[in-house]
Amino acid sequence: MKAGKLCNLGQRSQELLYVSLSKALSSATSSRQLYKLHSLIITSGLDQSVFFSGKLISKYAQFKDPVGSLSVFRRVSPANSVYQWNSMIRALTHNGLFSDALEFYSQMRNLELKQDTYTFPSVINACAGLSDLEMGRIVHNHVLEMGFGSDLYIGNALIDMYSRFNDLDMARRVFDEMASRDVVSWNSLISGCSSNGYWEEAIQLFHQSRMAGVIPDSFSVSGVLPACGDLVAIEEGQVVHGLVEKMGIKKDVIVSNGLLSMYFKFNRLTDCKLIFSEMVVQDTVSWNTVICGYSQSGLFEESIKLFLEMVDNFEPDLLTIGSVLRACGQIGDLKLGKYVHDYMIRNGYECDTTASNILINMYAKCGNLLASREVFDRIKFKDLVSWNSLISGYIQNECFEEAMKLLSKMKVDLRPDSVTYVMLLSMSGQLVRIHHGKEVHCDIIKMGFDSSLVVGNALIDMYAKCGKLEDSLKQFENMRDRDIVTWNSIITACVHAEDYNQGFRMISRMRIEGMMPDLPTMLATLPMCSFLAAKRQGKEIHSCIFKLGIQSDVPVGNALIEMYSKCGSLKHSLLVFEQMKMKDVVTWTALISAYGMYGEGKKALRAFEEMEATGIAPDHIAFVAIIFACSHSGLVDEGQAYFDHMKKKYKIEPRIEHYACVVDLLSRSGLLAEAEEFILSMPLKPDASIWGTLLSGCRASGNVKVAERASQHIIELNSDNTGYHVLVSNVYAALGKWDKVRMIRKSLRNKGLKKDPGCSWMEIRNKVYVFGTGDRFFEQYEEVNRLLEILAGLMAKEGYVADLQFALHDVEEDEKRDLLCGHSERLAIAFGLLNTKPGTPLQVMKNLRVCGDCHTVTKYISKIVQRELLVRDANRFHLFKDGTCSCGDYW
DNA sequence: CTAGGGTTAG
């Protein structure tokens, strides 16, 4: 009895020990606890039990100790049971040792141990982890052979595996054929759709799951959030966000990170800020998400600031490094870039190929190609991106030969991809080498990359830069898919070719097809409005800019200043300028040019000084603008002073356009001798633009000798610029030297060059009216002619005499047509007078410069009819008022 | 058995 009691007690204590050990093992939270328990299990003689050995194998795996798992597995004798094999396979898969897991699986099959439903999920996971499609199919067959085809857990694992193989059809088939599904089945399929770009399907499945009565969890939300983000489905995303709040799973750091990432894709930075600051727990991924998010929204400074904040509390990892390096490259912060590179080396991240690729890019963007090359050479496993990054660096820094050398080296062991070809196209465009571009295009077709959207867009751009708008248009029409970049590229192409009608047609087509314009669209469109003086369209774009919330973007503001100034509204230019918080040298230059165009030379000078005072250094274009402004206001001394200033204070070597500005400055003010002397003392060889400028300058003072000398130079230089030859021809016509006129015209014809026909246009009540020189085919031709005759009579009474010098331009053509009163701006002005109420100011645009006689006539007209007449010619604005012009005759 | 963050190009 005693013995029996003892025996009972022993059995009970044995049971107690068993239960408490098993409980302790399940709740162990550190390797140390695990080791202690393991020895206890051994001393208790329980280590051979199927249950404890299996548990130990799993527990070692949980603490990332697969070797521990293996030693337990090996010590069990004589043979392992299915449970232990399953635990071992799961242990290996859990620790990323996929091929070992598969090795164990095949051993298990060789031993003719029968697998059960617990075996397969980890085996399937291992196939997925190895991306071993073939093995995955084999295992799937095993599953079917063993009759486990309808098992829930195996089905879920299969859905996940096929998703990772990008075989969504198979994933879907497994899902559809399952006998029963749980939330994991739905989640796996939703994530699968999300990560394979089937965003609409992911969102739809999410809704379907809820309608099927499945309660979503953190995994469901994490699966659908990226889909909402990538689709920019803001409303859907907000619905899911609301659900997250309601379910109280915001404290799940993965869910919150998903929300963050989604709102960054929506570009809703305020929401991101709020979510990030309200997060209970932030981890490295959260920081990486915001750092990367800001960097992708172009807020590189913000991104770097966050990185510096992060370093105090978290260890940056490879992804952090990547994001911040990108930001460094974008803003050219070489110092911080080097610092991060140092950090990389210190923390053993140097061998990461992706991080090294970003480094190559960063150094290239900072202009340090030597450093790029060094990083490249140190990469052990160079991938395609490594090569592309370095080649792109060379192209960006205009080292084209080096880029080509590298390309042929790369081709020895790697096949270029579409990115490589896009870079080559960009190079052809930069070099304006159509032959090269066409060769690349052929290669692209041969390699089958011509269906790629990005490649298509790059082709449009390349042809445009090579001056082949027709080919750009052909490419555009041939494209099956078009995105916003496609539209922006073709609009930019039209602008480049100065085909503004085509450009506006493209914009309206874009709208009809429902494509939303973005910031680059605005930057492409505003110059079209500037050129055409299409103020109404320009204003529409301005309101679009507000709607898009991009009004504080500096390049946008700069384009707006230019647009308003060229559309006749200096007032609005100034308004935009004043409202800009950030200004760069382009902003100030736009302002200075605007003042210049309106003859506000003094204000231009003040603006230039102000710019210098704010610490912005003028560049060579700013100097063109200021000298131009001086020239249009007769400020000869000031203009010359700036020319010296540029060389002495800013060490900017004057280019040909600066010399042309000074020639213009001198000759416009009648200082022709000084202008000629200046040309002869130039260190650069004077080209047609210099002599052409001098020749234009002669028009005001009518100095025939200088004009003839300049003309002689232009003829000798044999330039392809039609404008200069027309000027020369006009000079000879004025002198009555008809043989020379005929000679010039013949040589122009032989070269296939045509004079730009003069035309003027004006807008009345939202309609644009265009008038060509000598045009008769417009409404109210008779009335316009009658009005011009009446005006001519009134002007004669005021003392006007026609300056026939200007009438002789096109004598060989129809003489009547070329009477002075046929000049297009006069037709436009008369038409405007007829069709607007008395006293209304008129605004006329002209593609060429206003001729001297028209300038005089317009002054008379402004006085006779008492109207303000604003005329924009190719160069500037003239505001005619009560018999005078704002240009002070420095036209 | 299911979830989140990085690279080259238009």
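So that the names make sense, note that chain A is the first sequence line, chain B the second, and so on, each numbered from 1. Owing to the predicted nature of the structure, the values given are computational and were not obtained by experimental measurement.
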Practice item. Taking ring pair (Phe, Tyr, Trp, His ring centres under 6.0 Å) as the test, write out the residues that go with A/H140, two or more places apart. Key: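 Once residues adjacent in sequence are excluded, the partners of A/H140 under the ring pair (Phe, Tyr, Trp, His ring centres under 6.0 Å) criterion are A/Y162.
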Check your understanding: Checking all strands, does A/D417 fall into the base, sugar-phosphate, or nothing category for heavy-atom contacts under 4.0 angstrom?
Key ->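 Result for A/D417 = nothing.
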Practice item. Determine the contact category for A/T284: base if any of its heavy atoms lies under 4.0 Å from a base atom, sugar-phosphate if only primed atoms, P, OP1 or OP2 are that close, otherwise nothing. Key: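 Contact class for A/T284: base.
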Practice item. Could you pull out all residues at least two apart from A/L130 that satisfy side-chain contact (heavy atoms from CB on, under 4.5 Å)? Key: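 Partners of A/L130 by the side-chain contact (heavy atoms from CB on, under 4.5 Å) criterion, ordered by chain and then number, come out as A/F98, A/S99, A/L102, A/D132.
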[X], nearest nucleotide to its side chain (from [options]):
| X | options | answer |
| --- | --- | --- |
| A/M423 | B/dA9, B/dA3, B/dG6 | B/dA9 |
| A/V385 | B/dT7, B/dG6, B/dA3 | B/dT7 |
| A/D252 | B/dG6, B/dA9, B/dA3 | B/dA3 |
| A/N187 | B/dT2, B/dT8, B/dG6 | B/dT2 |
| A/V184 | B/dA9, B/dG6, B/dT2 | B/dT2 |

Practice item. Determine whether the side chains of A/D317 and A/T320 contain a donor N or O and an acceptor N or O closer than 3.5 Å. Key: yes
Point to revise | Plane angle bin for A/W287 and A/F314 - parallel if under 30°, tilted between 30 and 60°, otherwise perpendicular | key: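 Rings of A/F314 and A/W287: tilted, 30 to 60°.
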Review point. Between residues 484-493 of chain A and DNA chain B, which residues have a heavy-atom gap below 4.0 Å?
Key: A/V485
Practice item. Decide yes or no, distance alone: a donor-acceptor N/O pair under 3.5 angstrom between the base of B/dG6 and the side-chain of A/N357. Key: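 In this structure, the two groups form no donor-acceptor pair.
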Point to revise | Residues A/E201 and A/R172 bridged, charged N to O under 4.0 Å | key: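 No, this pair does not count.
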Review point. Would you call A/K338 and A/D342 a salt bridge, taking side-chain N to carboxylate O under 4.0 Å as the test?
Key: no
